[in-house]
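What follows is a short report on a single structure.
Note that these values count all heavy atoms, side chains included, but never hydrogens, waters or copies made by symmetry.
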Amino acid sequence: MQPQPNAPKTDDFRLERDGDALIVTFTPDGRSYTFAIEGDRLSEPKVSPAQTAATDYAENEVRRTATELARLALTGSPGT
């Protein structure tokens, strides 16, 4: 039986704003998700390659958490 991947925590991410973009970096592997701010919405992220292996995290969970954090940073409220 293989171990289950870890779920990322909010402490695993760094958020930055650069003009009309939000950049969410997953610090365990250095991968960043760059979202363009389009009014009150975010674009699909452009994802940079990981700088190191963080195989104990599920990619889809990292992406989902990065997207949710960016949305929260923009809107200040949880989704419905």
Side chain to side chain contact (heavy atoms under 4.5 Å, CB included) with Glu61: which residues, sequence neighbours excluded?
->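 Residues passing side chain to side chain contact (heavy atoms under 4.5 Å, CB included) with Glu61: Pro8, Ala58, Arg64.
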Please list, chain by chain and in numerical order, all residues satisfying salt bridge (Lys or Arg N to Asp or Glu O under 4.0 Å) with Asp12, sequence neighbours excluded.
->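 With neighbours one apart ignored, the set is empty.
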Contact list for residues 36-46, test side-chain hydrogen bond (donor to acceptor under 3.5 Å, both in side chains), sequence neighbours left out |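 Sorted pair list comes back empty.
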With sequence neighbours excluded, what pairs up with Ser48 under the side chain to side chain donor-acceptor pair (under 3.5 Å) test?
->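 Expected list: Ser32.
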Kindly give the cluster partners of Val47, where membership spreads through any ILVMFWY side chain lying under 4.5 Å from a current member.
->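 Result for Val47 is Phe13, Leu15, Leu22, Val24, Phe26, Tyr33, Phe35, Ile37, Leu42, Tyr57, Val62, Leu69, Leu74.
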Quick one: CD1 on Ile23 to CD on Glu16, what's the gap to the nearest 0.5 Å?
->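 One finds 5.5 Å between CD1 of Ile23 and CD of Glu16.
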